[in-house]
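Since this is a predicted model, take the numbers as computed values, not measurements.
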Amino acid sequence: MDADTEIALARPSDALALAEMSRDLIEVGLGWSWKPSRILAMMEHSESVVLMARTRLEIAGFAIMEFHEEHAHLNLLAVKPHQQRKGVGKALLEWLAVSARLAGIARIELEVRTDNDEAINFYQSIDFRRDKVLKGYYQSKRDALRMVHHLMTPEMAAQRP
């Protein structure tokens, strides 16, 4: 990632830009469900994080993750095409993984379209493993692959208080 790119919590004023990135980069062909109001709700939710990578000129990428008792769920991750392969997505996920570990979370789960080989390969390159296929997951139109990244071994997770 470029030295000029910073990772920070998103601000309410960023909600429209993040929602448009979701619509244009993630939700293509599905209809727009991550509208600004939904992004804002995630910013206000005490068990979620809306994180973004910003250069001096633009928002390069963002991620939204919810924290549950034993796992975290990555809802969205998007990086603008001209910012991809620069470490932006990896930096966002590393920040979230550190936060999850500190919170005692055992694993991060996500879903990705089964036909999105580029994203699947990216997640596998950072130690996410294929879990199972979810038929019709995306608005009953597209199948999803659930992927899991273990932050602690099952033995460690079993020893948690």
side-chain contact (heavy atoms from CB on, under 4.5 Å) assessment of L151 paired with R107: CA-CA 5 Å; L151 300 171; R107 69 189 183 281; 5.6 Å; no
Derivation and outcome, side-chain contact (heavy atoms from CB on, under 4.5 Å), residues L76 and L74: CA-CA 6 Å; L76 295 174; L74 183 67; over 6 Å; no
Trace of the side-chain contact (heavy atoms from CB on, under 4.5 Å) decision for M42 with N75: CA-CA 10 Å; M42 295 303 287; N75 291 326; 3.3 Å; yes
Test side-chain contact (heavy atoms from CB on, under 4.5 Å) applied to I108 and H71, step by step: CA-CA 6 Å; I108 299 173; H71 79 282; over 6 Å; no
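The shortest side-chain heavy-atom distance between F122 and L93 falls under the 4.5 Å cut-off. Side-chain contact between L9 and V50 is absent, with no heavy atoms from C-beta onward closer than 4.5 Å. In this structure the side chain of W95 reaches within 4.5 angstrom of the side chain of V49, judged on heavy atoms.
Of all non-hydrogen atoms in L51 and A8, the two that sit nearest each other are CD1-O, 3.4 Å. When every heavy atom of A72 is checked against every heavy atom of I105, the shortest pair comes out as N-CG2, 3.5 Å. Closest approach of A63 to L96, counting heavy atoms only: CB-CD1, 3.7 Å. Across all non-hydrogen atoms, the minimal contact from I120 to M147 is O-CE, 4.0 Å. Contact between A53 and I7 at its shortest, heavy atoms only, is CB-CD1, 3.7 Å. The two residues S48 and F67 come nearest to each other via the heavy atoms CA-CD1, 4.4 Å.
V88 and M65 fall within the same hydrophobic cluster, defined by Ile, Leu, Val, Met, Phe, Trp and Tyr side-chain heavy atoms under 4.5 Å apart, directly or through other members. Residues L110 and V98 do not share a hydrophobic cluster, clusters being chains of Ile/Leu/Val/Met/Phe/Trp/Tyr side chains in contact below 4.5 Å.
Checking each of L134, D115, T114 against D143 for a side chain to side chain contact (heavy atoms under 4.5 Å, CB included) leaves exactly one that passes, namely T114.
At least one donor-acceptor pair closer than 3.5 Å links the side chain of H45 to the backbone N or O of E47. Between the side chain of D14 and the main chain of A10, no donor-acceptor pair closer than 3.5 Å is present.
Atoms CD and OH, from E118 and Y123 in turn, are 11.0 Å apart once rounded to the nearest 0.5 Å. Distance CZ/F62 to CG/L18: 5.5 Å, rounded to 0.5 Å. Note that CD of E109 is 12.0 Å distant from CD of E66, once rounded to the nearest 0.5 Å. Distance CD1/I64 to CE/M43: 7.0 Å, rounded to 0.5 Å. Between atom CG of residue D117 and atom CD of residue Q124 there is a gap of 9.5 Å, rounded to the nearest 0.5 Å. One distance of note links CG of L40 with CD of E44; it measures 6.0 Å at 0.5 Å rounding.
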In a table with atom names and distances, give each donor-acceptor pair under 3.5 Å that connects a side chain of residues 22-33 to protein atoms at least two apart or in another chain.
| unit_1 | atom_1 | unit_2 | atom_2 | d |
| --- | --- | --- | --- | --- |
| S22 | OG | E27 | OE2 | 2.8 |
| E27 | OE1 | S33 | N | 2.7 |
| E27 | OE1 | S33 | OG | 2.7 |
| E27 | OE1 | W34 | N | 3.3 |
| E27 | OE2 | W34 | N | 3.2 |
| W32 | NE1 | A19 | O | 3.1 |
| W32 | NE1 | W34 | O | 3.2 |
| S33 | OG | R38 | NH1 | 3.3 |

Determine all donor-acceptor pairs shorter than 3.5 Å in which one atom belongs to a side chain in residues 77-84; sequence neighbours excluded.
| unit_1 | atom_1 | unit_2 | atom_2 | d |
| --- | --- | --- | --- | --- |
| K80 | NZ | E58 | OE1 | 3.3 |
| K80 | NZ | I59 | O | 3.2 |
| H82 | NE2 | E58 | OE1 | 3.4 |
| H82 | NE2 | E58 | OE2 | 2.6 |
| Q83 | NE2 | E58 | OE2 | 3.0 |
| Q84 | NE2 | V79 | O | 2.9 |

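Applying the side-chain hydrogen bond (donor to acceptor under 3.5 Å, both in side chains) criterion to Y138, with sequence neighbours excluded, gives no partner residue. By the salt bridge (charged side-chain N to carboxylate O under 4.0 Å, His left out) test, R142 is found to be paired with no residue, residues two or more places apart in sequence or in another chain being considered. Under the salt bridge (charged side-chain N to carboxylate O under 4.0 Å, His left out) criterion, R113 pairs with no residue at all, not counting sequence neighbours.
There is a side-chain donor-acceptor pair under 3.5 Å between E111 and H73.
Counting only residues at least two apart or on different chains, the salt bridge (Lys or Arg N to Asp or Glu O under 4.0 Å) pairs with a member in residues 119-132 are D127-R129.
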